[in-house]
Structures are given as structure tokens and as C-alpha cells.
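Written out below as C-alpha cells is the structure these notes cover.
Not measured: the values here are computed from a predicted model. FYI, side chains are in, hydrogens and waters are out, and symmetry mates aren't considered; it's all heavy atoms of this structure. Just so we're on the same page: letters track the sequence lines, and every chain starts at 1.
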Protein chains: 2
Amino acid sequence: MDMAIKMKNKRPTLQDVADLVGVTKMTVSRYLRTPDSVSAPLQEKISAALETLGYIPNRAPDILSKSKSHAIGVLLPSLTNQVFSEVIRGIESVLEPAGYQTMLAHYGYSKEAEESRIATLLSYSVDGLIISESYHTDRVRKMLAVAGIPVIEIMDSVSPPIEQAIGIDNQAAAYAMTECMIKRGRQKIVYFAARMDQRTLLKIRGYETAMTDHGLTPLCLKTHNASSFTMGANFLKEALAQQPDTDGIFCTNDDLAIGALYACQKSGIRIPEDVAIAGFHGHDISRAMVPLLATVITPREDMGRLAAEHLLSRLQGTPITQAVIELPFKIDIGESI
Amino acid sequence: MDMAIKMKNKRPTLQDVADLVGVTKMTVSRYLRTPDSVSAPLQEKISAALETLGYIPNRAPDILSKSKSHAIGVLLPSLTNQVFSEVIRGIESVLEPAGYQTMLAHYGYSKEAEESRIATLLSYSVDGLIISESYHTDRVRKMLAVAGIPVIEIMDSVSPPIEQAIGIDNQAAAYAMTECMIKRGRQKIVYFAARMDQRTLLKIRGYETAMTDHGLTPLCLKTHNASSFTMGANFLKEALAQQPDTDGIFCTNDDLAIGALYACQKSGIRIPEDVAIAGFHGHDISRAMVPLLATVITPREDMGRLAAEHLLSRLQGTPITQAVIELPFKIDIGESI
DNA sequence: CCATGATTTGTTACGAGTAACATTACCATA
DNA sequence: TATGGTAATGTTACTCGTAACAAATCATGG
């Protein structure tokens, strides 16, 4: 048994199994798919031979002849952000039980990288794609059109989508949280933004609109770098320098908010008495910490799950009934505003 | 241009491009790999045709004939745990620039699922595998042997590995932290364990050994469920019920520790005056929070990066020089012990 | 203006599995 | 025992890109 393995240095094929049994590979192929289509004595012999050689099916011929890989490409801007980890979790929770393999890729918020990543995923003949961001180059759109596979965009509920989008209304969410802070008496609210991707831009717009709608002056601190706790702390310092009477901080995500909050605690600034702080997304930590962080709770995992479910049903031929699926967000005022 | 796309409902092949130009697909194939091997006028025509049709290369024939996919399988027990997100990040940071595609899978800590996931990854002809956990079934070992591709195990530095392992000594790390707490005067330290996977078992052993080495009685609270902040809070309640004079808590990961810490804060238990709390891994949050969490800092991202680097060099033919690569951990006492 | 070699393009076969069609084996019945 | 029908197995062709070999084209020098 071990000898049989060591004698061939390449992985066994159906032909190897067939040779061992003394039949053609077609018979073995039949056995694998419908065991009863083969005579009883052969069933046993083939089963034993498969075991002996340790045969592992090979998807390549299938992909080649049927252009179906049973793999789904997932393309996200970053893996550094917890948001995307949770989205991946949601996607995998649906794809894996359905027998689909996830092909993961990221592009670091670069449009050129997005093009090349999509080409790569398509070169593996993925059966479908889940991508993020709302803006795509013509080249990307053309590749997707030519590929002729179902594509779902997640994160934003912006229209019009390439085919179908599942996400939240980031601008409305930012507007709602800003307004909530204003209604609770805050006047000098500063926005902390990082990455400056599409979604962040939408959130900024929501914040600025809410501020001006209430006759207040928006102030937005921006960085193209990734967000982090440290970045939140740095932004806090800068905000207080630029506008010493700052009484509210709204961050593009929880990381910045938590970083700012801890920085306040360290320098004796009371939350929320002196400064109100709000985050975005509602990660587990923000729902457990003391004080509880005010945040916009977004359904990250649901988004991934829903995207995967819709993709699968489209692979089964179900037509698109709703081009944009907008998921609800929830404002949680916690204890920090 | 648009017409050409819409007329064919399947993705264009090299033959389609060749037909459009009026040459054989071999010529187009040559152009794609070495453009100068084709005459100047053809270069232009082929380039234009590729653009017109939106040709995307197809890896399937290559995988079929050369059994090389340029894809690496990554199999982790879970995606729910932040630890693994960071490992994935490290892996991707190396694989992506090297032109390798990551095929992600997880198996929910189930040995049967691990077998089937590995079979799936192998069926895609992955060029190499990064897997975790230290124990594997015979079936898994046989599949890996037959597949004949490089395999790297991560997380634990246990020996002997299938081929090569990269990780930390979990038992020694747990021993070190426990001893550190004891030396700082703690006597009644309780261990909070979740998942009960290989690594957790090793950590428990480290903790118990340290306790008995110092003449103390270990007490370990266990759950097979995943860890969470809530679980940490529940464990705290149970620990105080079982052993009211508990003066130290050591958790199998930061989540439990943070959950327990916040639960203490809410019920007026002072950290570290009344109870010392320590976590494991040193996620960003534990390095930013107030009070700073005592934790074992582990190099998760480095582990992923290193695993990917070693895998790539082995794909280039470099032999294994070190079967077990043990990475250092660091005890950070923070402000919570 | 043709031979020679270099350059460019074409032809054939292959990889692993399977659909479609072809053949063989076997049993029961007339 | 021949025949029909069915069950079991075999044969061929196909998927797409490319290696290996073959052929055609071209330029150059004698």
C-alpha cells in the first residue's frame, strides 16, 4: 500500500486506478458518480483501488470542459480591517456548506490592483464574484461582462450596480449619527476619516450635510492611511489643537473611535461629559467596553451571508428580482455620547 | 466592439482571438508570452483583437497539463477568531505580490471537515498548503503524501511536523505568563479555556504545570464553544462562585480576558488590585485599552508571512533546513496584573 | 537567382475527466 | 439454440493552452 504510493511520484489519476483494477477509466469515473452503475464485484475492487492509491479527484478537466469551477471569487479592498474579516466569515458560512470553494483576494484600495485581481480570479474560471466598492473602471466592467458570471457588489447600497448590490446606505447612516449627536447637544463635532475610499467619502458627505442642515460648521480630519487606535489618538490631539472647544467626535470606524476614547481617558477628558465620541460598525468590542461606545451598527456578517446566498441562487438560475438590496443600520448611543 | 462581446455568450478563447486576426491560436499564445516572437504587424493586430474581445487567460489547461495552479491552499480551523484573520493577512501579504492566489478554507475544529477541506483544496491542484493544528488523521497524512506538494503547519511549534512547522511554544508561553502572575503575588489563579483545541490543551498544560510547580492548585473553567467577551464575563461570575478568593485570571485569549475585565469594571472589582487579569495573543486592542491588558504577545502576522515565504522558497526547490521554526513570544505585563 | 540559415507561422499531441455513442455480455424467452 | 432486450463496459471526441516538431517565408551572400 505504501509502496504503491511511493512508486509514482505524481498524484494518481483515474487511469492509474483503472489500470490497477483492470478496467477503463470510464468505468471508474462512472463508479465515482453513480456507484450502482457498475457491477457489484467491480464496485468493491474499484473502491479498494481508490483507497490504495489515495485517489483525489481533479477539478481541472471539469473546469476546462464545462467552465465550472465550483469556486467563488471574493475581492475586498483590504484584509487589515476587521469589517472585511466579518464579511468573509459571512460569505464562507454559506459557500462552504454549499460545496463552493472561496478564492480570496484583496487589492489595497488600488484601482489598478483591482483590475489585475479580477483578471486573476476570472482566469481560474470562478463561477461567481463578490466584490466591494462602488466605482469600477471600464476595463473591470468589460471583463465582468465578457466573463458572463454573476457578480454581486457589497458594502454600499449605491445605484446603479453592475448587476446587483447588497449593502447599507453609508451616507444616511453617517447623517443619522451626526444628527443624533447634535440633538444631544453637541455643536462642535469633528469627523475623523481614514483611507478615503468611496464609503468614507459617502460618510463624510452624510456628516457634512447633517452639520450644515443644522447650521453647524463641519470639520473633517483626513488621512489616506489605514485606521488604527494610534491614529485615533493622534486625530484627537489634532482636533483639540485645531478646535479647542470640540465637544464631539464622529469616526469613520470603531478603531479610530476607540483609539480616541482611550486617549481621552489617559488625558483626563471625560466621556461623554467633555467630549462625545461615536464610531461606525459596532464591532464586538464596542458592544462590550466601558463606557459602551456609541456606534452605527452595521450588518457585516449578514451582508456577506446574503451576498453569498444571492450568488448561489443566481447560479441556480434564479433571476435578479431586486438590483439593490439595502440592509438596515442601527444607531446605538451607548454611553459615549 | 460591444457587439463582438454580446454575440458570443461564452468567454473568448485564444481560438476566437486567432480567428479574428486570421492566424492560429499558437501564434496568439506566443504573442502573449513573448510578444517579440511575433512579427511587428501581427503584434498590433493581435493586441487589438485581444482588447476587442476582452480576452482573459484561462488557467485550467495549464493546471491540467502541468499540474501547477499558482494557487496556495490555506486551511484554518476558524475564521471567527481574530488570530486567524491576522494570520491570513500575513500569508496574503507574501502570496499576492508573488503572483499566487490564496484558496481559503476552514473546518470548524472538526477532524472530518479537515479531511474533506484538504481533499477539496487538493482537487484544485494547489501548489502548496498552509494548515494549522498539530494533530492530523492518517487519512489527511496520506492525502498530503500522495499529493506531493509542500505543506507547512502553523500556530504550534510541536514536533514532529508532517514536513515543516512554524509557530510558537504555546505551553511554554502559558507557563511563563502563569509564573509571572505568581511571582507578582497571585495565588488563586483561574484559567479560562474555550474551544479546547490542541493549542488550548497545550496552554492549559503550561498553566497547570506552573501552578503545581509553585505548590498552587490549578482551577480551569472550560467550554467547547468559541470565546467571546460575553463568555469572559460569564466565566468571571463562575470563577468567583467556585472560588470567591480568586485573585488572578489567565485567559486562553484576549477576548475572554477583555470580557472578564469589563465585567470586573462593571461590578466594581478593581484591576489589578483585587484581581489580576491576563490574556493571550496581544491584539491591538489589548495594547491600547485602559488599563493595558497583560498578555502574551504572539507574532500572528509574522507566522503567516513566514509560512508563506518558506512555502514559496520550497516551491522554488529550496530544501527544508529547519523542520520546526519556533517564533518568540513576549510577556507584556501591561497594567492588569 | 538560388542555396543557406534564420525567422516566423503552422501542425500535432497531450493533460484528466466525461458526454455521447458503440459494443459486448448476459439472461430470459420462444 | 437463436433472438431480443437490457445491463455493463469500452471507444471516441472534446475542452484550452502549449511543448515539440514541421513547414513556410524571408533575407543575405555567393
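- Residue-level contact check: B:Tyr31 touches neither bases nor backbone, having no heavy atom under 4.0 Å from any strand.
- Taking atom CG of A:Asp36 as the reference point, atom P of D:dT9 lies 12 Å away to the nearest angstrom.
- Side-chain contact annotation: B:Glu96 with A:His106, donor-acceptor N/O pair under 3.5 Å absent.
- Residue A:Leu14 contributes atom CG, which lies 14 Å from atom P of C:dG15 at whole-angstrom precision.
- Residues B:Arg59 and B:Gln101 have side chains that never bring a donor and an acceptor to within less than 3.5 angstrom of each other.
- The phosphate of C:dA16 (OP1 or OP2) has no side-chain N or O of A:Tyr55 nearer than 4.0 angstrom.
- Atoms CZ (B:Arg30) and P (C:dT7) sit 14 Å apart, rounded to a whole Å.
- For D:dC16, the OP1/OP2 oxygens have no side-chain nitrogen or oxygen of B:Thr13 closer than 4.0 Å.
- With C:dA16, C:dT18, D:dC16 as the choices, the nucleotide that has an atom nearest any side-chain atom of B:Lys10 turns out to be D:dC16.
- C:dA16 atom P lies 17 Å from atom CZ of A:Arg33, rounded to whole Å.
- Mapping A:Thr24 and A:Pro61 onto DNA chain D by nearest heavy atom places A:Thr24 closer to the 5' end of the strand.
- When the side-chain nitrogen and oxygen atoms of B:Thr27 are compared with OP1 and OP2 of C:dT8, none of them lie within a distance under 4.0 Å.
- Atom CE in B:Met26 sits roughly 11 Å away from atom C1' in D:dC21 (whole-Å rounding).
- Between B:Ser93 and B:Arg89, the side chains place no donor N or O within less than 3.5 Å of an acceptor N or O (distance only, hydrogens not considered).
- Using a 4.0 Å heavy-atom distance criterion, B:Leu42 is classed as a sugar-phosphate-only contact.
- If you measure from atom NZ of B:Lys25 to atom C1' of C:dT8, you get 19 Å, rounded to the nearest angstrom.
- More than 12 non-hydrogen atoms from other residues, nucleotides or ligands lie less than 6.0 angstrom from CD of B:Gln43.
- Rounded to whole angstrom, the span from the CZ atom of B:Arg59 across to the C1' atom of C:dG15 amounts to 17 Å.
- In this structure, the CG atom of B:Asp16 is 13 Å from the C1' atom of D:dT15, given to the nearest Å.
- Comparing D:dT9, D:dT18, C:dG10 by their closest approach to the side chain of B:Asp62 singles out D:dT18.
- With A:Ile149 as the partner, the side-chain contact (heavy atoms from CB on, under 4.5 Å) test is satisfied by one option alone out of A:Leu122, A:Leu121, A:Leu315, A:Ile72: A:Leu122.
- Between B:Ser65 and D:dT18, a side-chain N or O to OP1/OP2 separation shorter than 4.0 Å is absent.
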